[in-house]
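Report on one structure; see the data block that follows.
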Amino acid sequence: MRLIHTLHTVFAAATLPLFPYFATAQYSPNCPLQGAVFPAPRNLIKESGAIGTGLSILQNELQNIINNPTVFDNGSTSFQLSLFSKDEQLLSFSYAATSLNNSSLPSGCLNENTIFRIGSVSKLLTVYTLLANVGMDHLKDPVTKWVPELAEFTNQGVNDAVSQVKWDEVTIEALASHGAGLDRDYSLSDYANLINGTIAKQAALPPLAPEDIPTCGTTDFLLPPCSRAEFLQEANALHPVTSTFHTPVYSNMAFQILAYALEGITGKSFADIFQSSIINRLRLSRTSLQPPNSTEEGIIPGDKISSWWSVDLGDSSPSMGGMFSTGADMMKLGQSILSYSILNPAITRQWLRPITHTADLHVAVGMPWEIHRLLQPVSSGSNHTRVVDLYTKNGDLGGYSTLFVLSPEHDFGFTLLIASPTTATESTAPAVALSIIGDAVTSAMVSAFEQAARDEAAYNFAGVYVSVNMSLTISVSDGHPGLKLSNWTMGDKDVLELYTGVPNAQADARLYPMDLESNGKISFRAVYERAREASQTSQPGVVFAQGCLPWGGVAALHYGKIAFDDFVFEVNDKGRATALAPRITRQTLGNQVVTITSLRRT
Ligand SMILES: *[C@@H]1O[C@H](CO)[C@@H](O)[C@H](O)[C@H]1NC(C)=O
Ligand SMILES: *[C@@H]1O[C@H](CO)[C@@H](O)[C@H](O)[C@H]1NC(C)=O
Ligand SMILES: *[C@@H]1O[C@H](CO)[C@@H](O)[C@H](O)[C@H]1NC(C)=O
Ligand SMILES: *[C@@H]1O[C@H](CO)[C@@H](O)[C@H](O)[C@H]1NC(C)=O
Ligand SMILES: *[C@@H]1O[C@H](CO)[C@@H](O)[C@H](O)[C@H]1NC(C)=O
Ligand SMILES: *[C@@H]1O[C@H](CO)[C@@H](O)[C@H](O)[C@H]1NC(C)=O
Ligand SMILES: *[C@@H]1O[C@H](CO)[C@@H](O)[C@H](O)[C@H]1NC(C)=O
Ligand SMILES: *[C@@H]1O[C@H](CO)[C@@H](O)[C@H](O)[C@H]1NC(C)=O
């Protein structure tokens with residue numbers, strides 16, 4: 001009695017960390033921990049009805065899009081969609097526009113081996129190359145350490161914050177995450193070479209001095225690519241946009257400088273490093289930094305110039321999107337990230353994180369991930385939602401639009417490559433097609449993977465777990481995240497009520513996977529809450545009286561060096577739970593169902 005009395009007192013004093021049920025800005029009755037609420041599903045095509053259903057819904061939807069002239073011009077827009085888990089291809093769907101001919105699709109067949117330009121998805125591969133070679137080791141280094149020209153500019157000592165970039169404040173991480181405050185481009189978007197004196201006068205623009213007109217870069221395709229010296233000189237002359245780390249501003253230039261820094265760190269050319277650490281390791285047969293020698297395997301919407309197929313971006317290739325690739329190669333890239341085949345799990349977890357917010361609550365920026373935060377129904381048809389983060393990179397170049405998406409919580413991803421002529425009337429076609437098709441994939445497949453994970457968790461973990469003197473029930477319930485822990489008894493004692501001080505019927509205890517697994521054991525942590533209704537109301541100025549802060553209460557209370565929320569399942573080689581240890585009890589409870597089934601079998 002005394003112990004229990006003490007426990008009650010402790011819990012009462014510690015109510016805030018253990019019970020984050022103080023009022024209500026969340027969209028769900030539960031406050032889960034950030035990240036997956038069930039282990040990622042493993043048995044996809046064969047055993048999960050949800051994935052199969054999602055794929056057929058998606059294929060129907062793709063066909064509807066192709067037949068809907070208000071959102072998709074099927075005469076001119078082509079696409080290739082590859083959907084994958086970390087070890088399987090789940091769907092390869094290609095659509096070849098009806099106007100394609102011998103010169104725009106020389107192979108005569110559009111499939112996952114057709115070469116597209118991938119635009120700014122190149123930036124992601126530049127960062128992947130960096131991490132593959134030097135991991136996270138140099139992220140905090142100032143770029144001046146590795147690009148001596150920039151150190152030289154800094155040493156020249158101009159002190160003019162509104163006109164001069166402070167290169168010694170620009171770190172490798174800032175370059176990789178749009179945090180350096182740099183201008184977007186040198187010369188790419190510069191009208192100086194396109195506008196003559198007459199037009200300038202009409203547009204009320206002043207005449208330009210000769211030295212203000214770019215002489216290298218890619219404007220109007222007539223300029224040669226810049227040499228390294230020219231580019232850095234020009235980059236240094238451009239005005240800074242903002243101070244370092246102040247607000248993210250999308251910069252192409254930053255990635256060219258990042259590639260130079262990587263050359264400085266490794267002492268090798270970017271092309272060689274990219275070839276050896278990415279292309280060769282993943283055996284990417286049709287991915288390159290420069291235009292392929294022949295158009296034979298490519299898609300060229302329009303002609304080679306207007307589509308930008310043949311535009312060689314030189315040293316800007318890593319940044320502005322010079323790279324060429326296919327659905328099959330991009331899938332291998334995505335799978336290599338999810339399965340840790342180049343980067344180890346710890347580096348990968350560090351990479352798949354945000355670096356900064358944006359002004360949109362639902363969008364964050366990583367290196368250089370564009371992170372979209374979805375409010376995903378907790379289960380099919382539920383009004384309750386939870387946050388799912390998609391790690392994406394978008395790219396646009398000439399007639400090409402590209403989307404690369406990973407859902408790390410579910411171990412799946414997709415790549416969408418679009419080609420469409422750049423003629424004026426159709427200039428927005430690829431971007432529109434990209435968002436329509438991208439949304440069709442996420443709305444069908446994120447839900448499908450959520451459902452598959454939920455079904456698999458119910459199959460693997462739900463049950464009654466018993467020992468000589470203790471029993472508890474694990475279940476999965478619609479409208480709620482995670483595994484529900486209920487009916488936890490020892491003899492006639494209600495353990496959950498004793499531990500929490502909340503009557504059993506009002507306690508809502510849920511277990512979430514902790515990404516710790518070894519030797520047939522999987523770790524979960526419990527979040528103990530008081531059952532309640534969800535609310536979406538949020539009062540202006542109310543900050544501390546609302547919120548969803550269960551992470552602040554994890555492992556908050558211990559008994560003999562073990563936390564009250566510490567649970568470990570034992571699983572068999574098929575992933576099915578055979579036992580559960582609420583570690584605080586120093587007991588292991590057998591799964592009644594699995595035990596009975598295996599007894600019957602023998
Ligand atoms: C293109 O869309 C039209 C409807 O706008 C449809 O009739 C036609 O079958 C579609 N073409 C292809 C190749 O799917
Ligand atoms: C175009 O395709 C047709 C039909 O496949 C083929 O007979 C013809 O030789 C091709 N022409 C060129 C220029 O490749
Ligand atoms: C300037 O460009 C306009 C539009 O292309 C053209 O009509 C005009 O002749 C040009 N003027 C000169 C001086 O080159
Ligand atoms: C183009 O051909 C040259 C010479 O055969 C070769 O070295 C180069 O790798 C090829 N480029 C691409 C992108 O395939
Ligand atoms: C093929 O189609 C493109 C774009 O529609 C067009 O510019 C080109 O002239 C066509 N080529 C042939 C050989 O028909
Ligand atoms: C979701 O909310 C709507 C509108 O408030 C309500 O009509 C519906 O019954 C709710 N559905 C569920 C599953 O709770
Ligand atoms: C419950 O069972 C466990 C395991 O057999 C034992 O160690 C423990 O002493 C028992 N506790 C009570 C209160 O009976
Ligand atoms: C709770 O568990 C006890 C012991 O295993 C069992 O007798 C009882 O039926 C369970 N109650 C519920 C509501 O599941």
Side chain of Thr171, backbone of Ala174: donor and acceptor closer than 3.5 Å?
yes
Would you say the side-chain atoms of Thr266 and Asn133 include a donor-acceptor pair closer than 3.5 Å?
no
With no hydrogens and no angle check, is any side-chain donor or acceptor of Thr442 less than 3.5 Å from a backbone partner on Gly438?
yes
Side-chain (His362) to main-chain (His372) donor-acceptor, under 3.5 angstrom:
no
Does the side chain of Phe255 come within less than 4.5 Å of Pro368's, by heavy atoms?
yes
Taking the side chain as C-beta and beyond, is there a heavy-atom pair between Phe524 and Pro39 under 4.5 Å?
yes
So, does Ser85 use its side chain to make a donor-acceptor pair with the main chain of Glu88 at under 3.5 Å?
yes
Side-chain touch Phe412/Val405, heavy atoms, less than 4.5 angstrom
no
Under 3.5 Å donor-acceptor, Gln592 side chain and Val466 backbone:
no
Tell me if the centroids of the rings in Trp351 and Tyr128 come within less than 6.0 Å of each other.
yes
How long is the gap from CD on Glu570 to NZ on Lys521, to the nearest 0.5 Å?
5.0 Å
Looking at Arg283, I'd like to know if its CZ atom is crowded, meaning that more than 12 non-hydrogen atoms belonging to other residues, nucleotides or ligands lie closer than 6.0 Å.
no
Gln587 side chain to Ser467 main-chain N or O, any donor-acceptor pair under 3.5 Å?
no
Return yes if some donor-acceptor pair links the side-chain N/O of His384 with the main-chain N/O of Gly479 below 3.5 Å, else return no.
yes
With a 4.5 Å limit on heavy-atom distance, are the side chains of Ile474 and Leu485 in contact?
yes
Smallest heavy-atom separation, Ile371 atom then Gly366 atom, equals CD1-N, 3.8 Å
Taking all non-hydrogen atoms of both residues, which atom of Glu409 and which atom of Val387 are closest, and how far apart?
OE2-O, 3.9 Å
Is there a side-chain contact between Leu589 and Pro582 (heavy atoms, below 4.5 Å)?
yes
Heavy atoms only: give me the nearest Leu175-Ala180 pair and the separation to one decimal.
CD2-CB, 4.2 Å
Quick one, Leu124 and Leu333 - any side-chain contact, counting heavy atoms below 4.5 Å?
no
Find the distance between CG (Leu352) and CG (Leu343) and round it off to the nearest 0.5 Å.
9.0 Å
With rounding to the nearest 0.5 Å, note down the distance linking CE in Met445 to CG in Leu55.
4.0 Å
Side chain to side chain contact (heavy atoms under 4.5 Å, CB included) test vs Tyr512 passes for just one of Asn30, Val554, Asp565, Leu483, namely Asn30
Report the C-alpha separation of Val365 and Thr358 in whole Å, then their side-chain angles, then the decisive distance to 0.1 Å, and conclude whether the side-chain contact (heavy atoms from CB on, under 4.5 Å) test is met.
CA-CA 7 Å; Val365 182; Thr358 70; 3.6 Å; yes
Begin with the C-alpha distance, continue with both residues' side-chain angles, and end with the deciding distance and a verdict on side-chain contact (heavy atoms from CB on, under 4.5 Å) for Leu403 and Phe414.
CA-CA 8 Å; Leu403 189 56; Phe414 67 91; 4.1 Å; yes
So that I know where these two stand, are Phe567 and Trp488 an aromatic pair - ring centroids less than 6.0 Å apart?
yes
Spacing of NE2 belonging to His480 relative to OG belonging to Ser382, to within rounding of 0.5 Å
8.0 Å
Please examine the side chains of Asp515 and Arg349, heavy atoms only from C-beta on, and report whether any two atoms are closer than 4.5 Å.
yes
Going by atom types alone, do Ser477 and Arg510 pair a side-chain donor with an acceptor below 3.5 Å?
yes
So Arg576 and Thr578, do their side chains get closer than 4.5 Å, heavy atoms only?
no
Should Arg586 and Tyr559 be marked as a side-chain contact (heavy atoms from CB on, under 4.5 Å) after you check the CA-CA gap, both sets of side-chain angles, and the distance that decides it?
CA-CA 11 Å; Arg586 275 72 176 173; Tyr559 175 60; 3.9 Å; yes
Could you walk me through whether Asn460 and Val571 pass side-chain contact (heavy atoms from CB on, under 4.5 Å), step by step?
CA-CA 8 Å; Asn460 283 336; Val571 296; over 6 Å; no
Please report whether the ring centroid of Phe564 lies less than 6.0 Å from that of Tyr528.
no
Residue pair Gln376 / Ser447, side-chain donor-acceptor N/O under 3.5 Å:
yes
Between Ser475 and Ala462 the two heavy atoms that sit nearest each other are CA-CB, 4.2 Å
Criterion side chain to side chain contact (heavy atoms under 4.5 Å, CB included) against Leu406, the qualifying member of Asp389, Ile337, Thr392, Leu390
Ile337
Report, as yes or no, whether the 6.0 Å neighbourhood of atom NZ on Lys166 holds more than 12 heavy atoms from other residues, nucleotides or ligands.
no
Run through Asp573, Asp87, Asp411, Asp455 and flag the one making a salt bridge (charged side-chain N to carboxylate O under 4.0 Å, His left out) with Arg42.
Asp411
Would a distance-only check, ignoring hydrogens and angles, find a side-chain to backbone donor-acceptor pair under 3.5 Å from Arg353 to Met367?
no
For His246, does the NE2 atom sit with more than 12 other heavy atoms under 6.0 Å from it, leaving out its own atoms?
no
Give a yes or no answer on whether the side chain of Tyr465 reaches the backbone of Leu580 with a donor-acceptor pair at less than 3.5 Å.
no
Step by step, would you call Asp508 with Arg530 a salt bridge (charged side-chain N to carboxylate O under 4.0 Å, His left out)?
CA-CA 5 Å; Asp508 197 354; Arg530 190 190 286 273; over 6 Å; no
Suppose we call two aromatic rings close when their centres sit under 6.0 Å apart. Are His410 and Phe38 close by that rule?
no
Where is the tightest heavy-atom contact between Lys123 and Ser251, given as atom of each residue plus distance?
CE-O, 3.9 Å
To the nearest 0.5 Å, how far apart are CD1 in Ile273 and OG1 in Thr129?
8.0 Å
To the closest 0.5 Å, what do you measure between CZ (Arg583) and OG (Ser523)?
6.5 Å
